[in-house]
Amino acid sequence: MRNLIFFLYKYYTFLLFFSLELFSFVILYQYNNYQRASFLNYTGAVASGFYQTVNNTTNYFSLRNINDSLMAENARLRAQMLNAYYQSGFTQTSINDTVYKQQYDYIPANVVNNSITKRNNYITIDKGSLAGIKSDMGVIGSNGVVGIVTSVSDHYATIRSALNSNTKISCMLKKNNAFGSLEWNGDDPKFSSLKYVNKHVPLTLNDEVVTSNYSTLFPEGISVGKVYSHSLDAGDNFHLIKVELFTDFATLKSVYVIRNILKDEQKQLEGALKSDN
Amino acid sequence: MIIDLFTYLFRFILIVLFQLLVINNIELSTYINPYIYIVFILTLPVDMKPWLVVLISFFTGMVMDTFSSTPGLHMASCVFMGYVRIFYLRFATSKEDFSGSIKPTVSRKGVVWFLVYATMLTFLHHLVLFYLEIYGFNEFFRTLTRIIFSTVFSVLLITVGQLLFYRVAKVNRNE
């Protein structure tokens with residue numbers, strides 16, 4: 001017993017170091033492997049409040065750019081409205097539509113904090129669980145895919161941006177529906193890479209890359225980027241594709257969080273399948 | 001003692017704010033991510049109790065983690081650096097330095113001594129931080145390049161900051 005106390009006394013600094021280091025690694029491990037992100041749920045509110053204050057001040061400097069991008073988006077959406085189309089003779093009748101059921105809901109939010117040069121980048125937005133946001137929801141900007149929600153507090157949410165080593169987004173080529181996975185290699189925030197596209201798939205430059213229907217996070221066909229360059233190493237089964245992202249993460253200000261109304265149903269069904277096997 | 005505590009707290013808040021609001025927004029390249037907040041741990045007094053240094057490092061890391069959505073990342077690297085710092089100082093400083101409460105800064109120990117000290121510890125901090133961030137060694141050399149570039153910039157910024165404060169201190173003494 002005396003020896004034990006002596007040991008503890010002699011090495012208390014090392015023991016303190018060891019236990020604190022162990023504690024950090026446990027949190028890190030949990031976060032990386034199980035996506036629990038519980039630490040962020042506790043601390044997120046404090047940090048986000050701080051960034052909100054900073055953002056309120058700095059936002060004035062970029063109002064012009066925000067307005068421009070919103071106007072461009074408005075124009076595009078107006079072009080899709082019914083009254084922008086020429087009616088070719090048929091009179092429209094209102095019917096209770098049972099064929100098309102709404103599946104996706106969009107929640108608008110503003111970016112409060114953002115980074116682009118780190119290996120793992122995160123975005124904080126100013127809407128949280130009170131606005132209906134939950135973790136694992138897809139997020140898009142006015143040009144394309146932005147990321148996936150990781151943790152949510154009452155008024156804020158943290159998004160794992162597409163510029164993050166842990167973010168993998170299921171994508172496909174628009175012209176032939178060939179599947180691939182969008183992963184960022186950490187080099188340039190303007191480009192990402194599309195992996196696991198089979199070598200027999202024909203590719204040309206500027207092919208559009210969109211989200212696939214395999215993902216429950218994003219609706220099918222949300223634009224991601226276009227093929228910037230591609231190559232195929234001898235003996236490799238997959239193309240090396242560099243994708244130019246449509247979303248400009250450096251100037252990102254307003255985003256939409258996607259709520260998939262039928263997601264639980266799909267997940268439940270797939271979960272039932274898994275437990276069968 | 002109380003005044004000391006407030007001075008440290010004030011310094012800490014200032015350094016962390018500078019890191020979060022200025023340094024984090026300088027987006028030069030994905031290879032240059034300087035972290036200058038560790039200067040707070042670097043310049044703690046030489047004779048401070050080892051357990052206190054480790055504990056302070058832990059809380060510094062925790063604050064940074066809170067504001068950068070990275071649980072455990074800064075904590076692990078700061079605690080590691082704080083612990084190694086104890087041994088570095090034991091070898092690199094003489095007995096007299098331990099008698100008074102001397103801070104290992106440019107003004108006390110000279111630019112060369114401080115450069116070596118800061119480079120060693122910053123490199124170790126960045127080494128742990130960047131490899132833990134990518135969580136594996138699958139991008140070994142790319143991450144190493146990132147660590148080296150970031151270390152150079154961190155040390156540069158830290159030393160320049162030290163020189164600036166050194167000047168201010170000297171002018172005050174003359175008056």
Side-chain angles (χ1 to χ4, degrees), chain A residues 12-33 36-48 50-51 54 57-58 113-124 150-151 158-161 163-166 184-189 249-250, chain B residues 16-17 20-21 24-35 49-59 61-84 86-87 128-136 138-139 142-143 145-147 150:
Chain A
Y12 70 99
T13 311
F14 175 75
L15 289 173
L16 182 71
F17 159 74
F18 187 76
S19 49
L20 289 180
E21 199 73 294
L22 199 71
F23 176 70
S24 321
F25 273 97
V26 167
I27 309 182
L28 195 74
Y29 178 79
Q30 282 197 341
Y31 182 69
N32 271 311
N33 282 324
R36 280 189 198 153
S38 53
F39 176 82
L40 291 178
N41 289 341
Y42 293 123
T43 61
V46 185
S48 315
F50 167 75
Y51 283 121
V54 175
T57 323
T58 53
N113 185 38
N114 186 11
S115 73
I116 56 166
T117 58
K118 306 217 159 44
R119 184 61 186 90
N120 293 332
N121 294 295
Y122 294 89
I123 299 168
T124 313
T150 44
S151 62
T158 318
I159 299 163
R160 204 156 12 89
S161 103
L163 310 178
N164 189 309
S165 63
N166 297 320
W184 190 53
N185 61 12
D187 260 349
D188 192 331
F249 284 89
Chain B
V16 167
L17 279 182
L20 292 173
L21 299 181
N24 279 0
N25 287 320
I26 303 173
E27 292 171 332
L28 280 176
S29 146
T30 49
Y31 284 90
I32 304 168
N33 282 310
Y35 291 100
K49 292 271 180 291
W51 62 269
L52 195 57
V53 173
V54 172
L55 215 60
I56 288 175
S57 307
F58 178 76
F59 282 113
M62 191 184 247
V63 169
M64 283 308 294
D65 276 335
T66 307
F67 286 101
S68 49
S69 320
T70 51
L73 193 68
H74 288 277
M75 279 188 223
S77 33
C78 280
V79 168
F80 180 71
M81 195 193 78
Y83 189 62
V84 173
I86 298 165
F87 295 98
V128 178
L129 184 84
F130 283 72
Y131 278 117
L132 280 182
E133 186 179 29
I134 182 70
Y135 204 61
N138 49 351
E139 293 175 8
R142 190 179 285 163
T143 312
T145 326
R146 201 170 264 144
I147 291 168
S150 302

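By convention in this document, chain letters (A, B, ...) are assigned in the order of the sequence lines, proteins followed by strands, and residues within each chain are numbered from 1.
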Original post:
Who passes salt bridge (Lys or Arg N to Asp or Glu O under 4.0 Å) against A:Asp187, sequence neighbours left out?
Top reply: B:Arg142

Original post:
Around atom CZ of A:Phe18, are there more than 12 heavy atoms of other residues, nucleotides or ligands at under 6.0 Å?
Top reply: no

Subject >> Parallel, tilted or perpendicular: rings of A:Phe17 and B:Tyr83 (30°, 60°) >> reply: parallel

Original post:
Do B:Asn24 and A:Lys118 touch side chain to side chain, with heavy atoms closer than 4.5 Å?
Top reply: yes

**OP:** Check B:Glu139 against A:Arg119 and note the closest heavy-atom contact, atom names and distance.
**Re:** OE2-NH2, 2.9 Å

Original post:
Out of curiosity, B:Asp65 CG to A:Ser24 OG, how far, rounded to the nearest 0.5 Å?
Top reply: 8.0 Å

Original post:
So which of A:Asn185, A:Leu15, A:Val26 has the biggest tally of heavy-atom pairs under 4.5 Å with chain B?
Top reply: A:Asn185

Original post:
Can you name the closest pair of heavy atoms from B:Gly72 and A:Leu28 and give their distance?
Top reply: C-CD1, 3.9 Å

Original post:
So what's closer than 4.5 Å to chain B heavy atoms on A:Phe23: side chain, backbone, both or neither?
Top reply: side chain

**OP:** Search all heavy atoms of A:Thr13 against all heavy atoms of B:Trp51 and return the closest pair with its distance.
**Re:** CG2-N, 4.1 Å

**OP:** Report the distance from atom CD1 of A:Ile116 to atom OG of B:Ser29, rounding to the nearest 0.5 Å.
**Re:** 10.0 Å

Subject >> Side chain, backbone, both or neither of B:Leu21 within contact of chain A (heavy atoms, under 4.5 Å) >> reply: side chain

Original post:
Is there a side-chain contact between B:Thr30 and A:Asp188, using heavy atoms and a 4.5 Å cut-off?
Top reply: no

Subject >> Spatial distance of atom OG1 (B:Thr70) from atom OH (A:Tyr122) [nearest 0.5 Å] >> reply: 7.0 Å

Original post:
So what's closer than 4.5 Å to chain A heavy atoms on B:Leu129: side chain, backbone, both or neither?
Top reply: neither

Original post:
With respect to chain B, which residue among A:Val54, A:Leu20, A:Asn113, A:Leu16 yields the maximal number of heavy-atom pairs within a distance under 4.5 Å?
Top reply: A:Leu20

Original post:
Quick one: CG on A:Asn120 to CD1 on B:Ile134, what's the gap to the nearest 0.5 Å?
Top reply: 6.0 Å

Subject >> chain B contact via A:Ser165 - side chain, backbone, both or neither, heavy atoms under 4.5 Å >> reply: side chain

**OP:** Please tell me if the side chains of A:Phe14 and B:Ile86 come closer than 4.5 Å, counting only heavy atoms from C-beta onward.
**Re:** no

